[in-house]
Amino acid sequence: MATSLGIIIILGLLANAVFTRMRLPGLLGMIIVGVLIGPYGLNWLSEDIIRVSADFRKIALIIILLRAGFGTSKEDLKKVGAPAIRLSCIPGLFEGLAIAYAAMKIFEFNFVQGGMLGFIIAAVSPAVIVPAMLNFMERGLGEEKGIPTLILAGASIDDVFAITIFSTFLGIYSGSKLNIGMRILSIPISIILGILAGVVIGIFLVKIFKKYSIRDTKKVLYIIGAGILLTAFEDLIKSKIEIAGLLGVMTIGFIIFETMPDVGKGMAEKLNKIWVFAEILLFVLVGAQVNIWLALDTGFKGILLIVIGLFARSIGVVLSLLKTNLNTKEKIFCIIAYIPKATVQAAIGAIPLSLGVESGDLILSIAVLSIVLTAPLGAIGISLSGEKLLS
């Protein structure tokens with residue numbers, strides 16, 4: 001595993017530098033490196049690191065979401081309140097249902113199989129979106145109208161929404177006696193519980209930090225540890241009740257920054273330094289999960305299905321932004337920012353196959369294809385359009 005980490009760090013840094021010099025997103029280079037050296041490419045990574053890849057990716061995601069929390073102010077959230085809630089569910093619902101119906105025509109799926117596929121693909125990738133939005137926030141792009149915060153907030157809830165509906169379709173397919181109404185009701189409950197958990201942990205940490213003299217570096221480690229334990233607790237009780245753990249992680253950073261702004265700035269800088277290492281792990285290991293050969297098996301039909309989904313998602317984004325003060329250019333940027341998929345598809349794309357769902361192999365292939373197409377497209381699109389469309 002140590003050798004594999006060395007390979008990941010060196011090649012990840014080189015790819016980041018090369019792509020940045022080419023004025024392309026560095027994360028794109030790291031994802032490509034992951035594909036090349038992963039088990040479906042040159043197979044340079046040990047089985048041990050592939051086995052713990054999901055945990056490494058989760059820790060890296062926690063670090064960047066904490067950083068996002070430290071970069072979000074109360075004033076920013078007030079600006080984006082209702083539109084962020086609409087962005088968190090309407091685009092995903094449009095995309096998931098459009099893919100479900102299109103899959104029935106293109107691949108002759110039944111509606112339940114189509115629904116599983118639709119809501120695997122419907123989740124956007126916080127791993128791609130959050131670092132880009134933080135970069136724009138630091139540079140002041142779109143900050144006057146709170147556009148990066150709007151997308152951050154929407155994307156962090158979008159996953160909860162998509163995964164909950166996916167699990168509903170999976171339950172229907174497996175014949176489990178589940179109350180669909182209760183499943184839908186669990187979405188706002190999980191969001192509220194996630195925020196409450198983040199508030200409680202944040203307040204507790206603030207009290208500890210005020211009572212004891214602790215170095216900023218150690219404070220950051222306490223916060224990261226708390227974030228990891230919150231997501232572990234989410235996994236532990238998810239069979240009984242869902243908690244939006246990643247939203248809770250972001251809330252921890254927000255509470256600490258609002259309560260202790262001077263200390264918060266120092267910790268945000270520390271998290272930026274840790275992110276230099278964490279982003280290499282995250283994006284290279286995301287790339288390593290991509291079976292490029294499996295993606296190619298779906299051919300033109302798979303591409304057509306994903307394009308239909310993205311078109312439906314774009315309509316959903318436009319509807320979500322009605323009655324906001326965003327101009328046409330800014331709305332186009334929001335559409336582009338909601339393109340990339342990676343983390344959720346890599347995490348749950350294989351679940352239908354593992355549970356014996358008919359056409360589970362095809363569902364996995366299309367999920368992988370969605371990563372191959374939209375992660376690079378979204379990363380490049382966000383980087384280039386942000387410069388031109390945001391003031």
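All heavy atoms count here, side chains included; hydrogens, waters and symmetry mates do not.
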Report, one line per pair, each donor and acceptor closer than 3.5 Å where one atom sits in a side chain of residues 132-139; sequence neighbours left out.
unit_1, atom_1, unit_2, atom_2, d
Asn135, OD1, Arg139, NH1, 2.9
Glu138, OE2, Arg67, NH2, 3.2
Arg139, NH1, Glu387, OE2, 3.4
Arg139, NH2, Glu387, OE1, 3.1
Arg139, NH2, Glu387, OE2, 2.5

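- Summarising the geometry of Thr217 relative to Lys270, their closest heavy-atom pair is OG1-NZ, 3.2 Å, with the distance given to 0.1 Å.
- When only modelled atom types and interatomic distance are considered, Asn272 and Glu269 share no side-chain donor-acceptor pair under 3.5 Å.
- Residues Pro352 and Phe166 form a side-chain contact, since some pair of their non-hydrogen atoms from C-beta on lies under 4.5 Å apart.
- For the pair Pro148 and Leu141, the minimum side-chain heavy-atom distance is 4.5 Å or more.
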Query - side chain to side chain contact (heavy atoms under 4.5 Å, CB included) between Arg86 and Thr324, intermediate numbers included - result: CA-CA 12 Å; Arg86 293 197 295 270; Thr324 64; 3.9 Å; yes

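- Residues Glu95 and Lys341 are paired through a salt bridge, judged by an N-O separation under 4.0 Å between the basic side chain and the carboxylate.
- Under the 4.5 Å side-chain heavy-atom criterion for grouping Ile, Leu, Val, Met, Phe, Trp and Tyr, Leu326 is not connected to Leu319 through any hydrophobic cluster.
- Minimum interatomic distance between Ala375 and Pro340 (heavy atoms only, all atoms of both residues): CA-CB, 4.3 Å.
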Report task. Tell me, with the steps shown, if Leu170 and Val357 meet side chain to side chain contact (heavy atoms under 4.5 Å, CB included). Result -> CA-CA 9 Å; Leu170 193 63; Val357 172; 4.2 Å; yes

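- The backbone N or O of Ala155 lies less than 3.5 Å from a partner atom in the side chain of Tyr338, making a donor-acceptor pair.
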Query raised in the report: Does the side chain to side chain contact (heavy atoms under 4.5 Å, CB included) test come out yes or no for Trp44 and Leu11, once each step is laid out?
Result: CA-CA 12 Å; Trp44 286 0; Leu11 294 183; 4.1 Å; yes

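- A distance of 10.0 Å separates CD1 in Ile335 from CZ in Phe311, rounded to the nearest 0.5 Å.
- Using a 4.5 Å heavy-atom threshold, the side chains of Ile37 and Val284 count as touching.
- How far CG of Leu389 is from CD1 of Ile336: 5.5 Å, rounded to the nearest 0.5 Å.
- Shown here is Trp275, whose CH2 atom has more than 12 heavy atoms of other residues, nucleotides or ligands within 6.0 Å.
- Under a 3.5 Å cut-off, the side chain of Ser383 and the backbone N or O of Ala379 do not form any donor-acceptor pair.
- Of the possible donor and acceptor atoms, one in the side chain of Gln113 sits under 3.5 Å from a partner among the backbone N and O of Glu358.
- The distance from the CG atom of Asp159 to the OG1 atom of Thr164 is 10.0 Å, given to the nearest 0.5 Å.
- A donor-acceptor pair under 3.5 Å links the side-chain atoms of Gln345 to the main chain of Ala342, judged by distance alone.
- Checked by atom type and distance alone, the side chain of Ser4 pairs as donor or acceptor with a backbone atom of Ser46 at under 3.5 Å.
- Atom CG of Leu13 sits about 10.0 Å away from atom CZ of Phe277, to the nearest 0.5 Å.
- The closest side-chain heavy-atom distance from Ile99 to Ile308 is not below 4.5 Å.
- The salt bridge (Lys or Arg N to Asp or Glu O under 4.0 Å) pairs that include a residue from residues 204-218 are Asp216-Lys219, where partners are two or more places apart or lie in different chains.
- Looking only at side-chain heavy atoms (C-beta outward), Leu321 and Leu87 come within less than 4.5 Å of each other.
- Linking ILVMFWY residues whenever their side-chain heavy atoms come closer than 4.5 Å, directly or via other members, places Phe204 and Met260 in the same cluster.
- Leu384 and Leu28 fall within a single hydrophobic cluster, where Ile, Leu, Val, Met, Phe, Trp and Tyr are joined by side-chain heavy atoms under 4.5 Å apart, directly or via other members.
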Query raised in the report: Could you walk me through whether Asp48 and Arg51 pass the salt bridge (Lys or Arg N to Asp or Glu O under 4.0 Å) check?
Result: CA-CA 5 Å; Asp48 291 332; Arg51 194 160 43 246; 2.3 Å; yes

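- Residue Phe119 forms a side-chain contact (heavy atoms from CB on, under 4.5 Å) with just one option from Val344, Leu93, Thr168, and that option is Leu93.
- Scanning all heavy atoms of the two residues, the minimum distance from Leu150 to Cys334 falls at CD2-SG, 4.5 Å.
- In this structure a side-chain-to-backbone donor-acceptor pair under 3.5 Å is missing from Thr259 to Ile256.
- Distance check: Ile195 CD1 to Ile157 CD1 gives 6.0 Å after rounding to the nearest 0.5 Å.
- A 4.5 Å side-chain heavy-atom check between Phe109 and Ser359 finds at least one atom pair inside the cut-off.
- Here the shortest heavy-atom pairing between Ala268 and Phe70 reads CB-CB, 4.0 Å.
- In this structure, CG on Leu305 lies 5.5 Å from CD1 on Ile121, to the nearest 0.5 angstrom.
- Phe111 and Tyr101 have tilted rings, their planes meeting at an angle from 30° to 60° on a 0 to 90° scale.
- Taking the side chain as every heavy atom from C-beta outward, Pro376 and Ile31 never approach each other to under 4.5 Å.
- Side-chain heavy atoms closer than 4.5 Å link hydrophobic residues (I, L, V, M, F, W, Y) into clusters, and following such links, even through other members, never connects Phe94 to Val307.
- For Lys145 (side chain) and Asn325 (main-chain N/O), a donor-acceptor pair under 3.5 Å exists by modelled atom type.
- When every heavy atom of Gly202 is checked against every heavy atom of Ile255, the shortest pair comes out as C-CG2, 3.8 Å.
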**Report entry** Stepwise side chain to side chain contact (heavy atoms under 4.5 Å, CB included) test for Leu377 and Leu373
**Finding:** CA-CA 6 Å; Leu377 183 66; Leu373 287 180; over 6 Å; no

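- Here the closest heavy-atom approach between residue Leu117 and residue Ala103 is recorded as CD2-CB, 4.2 Å.
- Leu221 and Ile214 sit in two unconnected hydrophobic clusters of ILVMFWY residues. Membership requires side-chain heavy atoms under 4.5 Å apart, directly or through other members.
- Annotation: side chain of Leu304 is not in contact with side chain of Lys301 (no heavy-atom distance under 4.5 Å).
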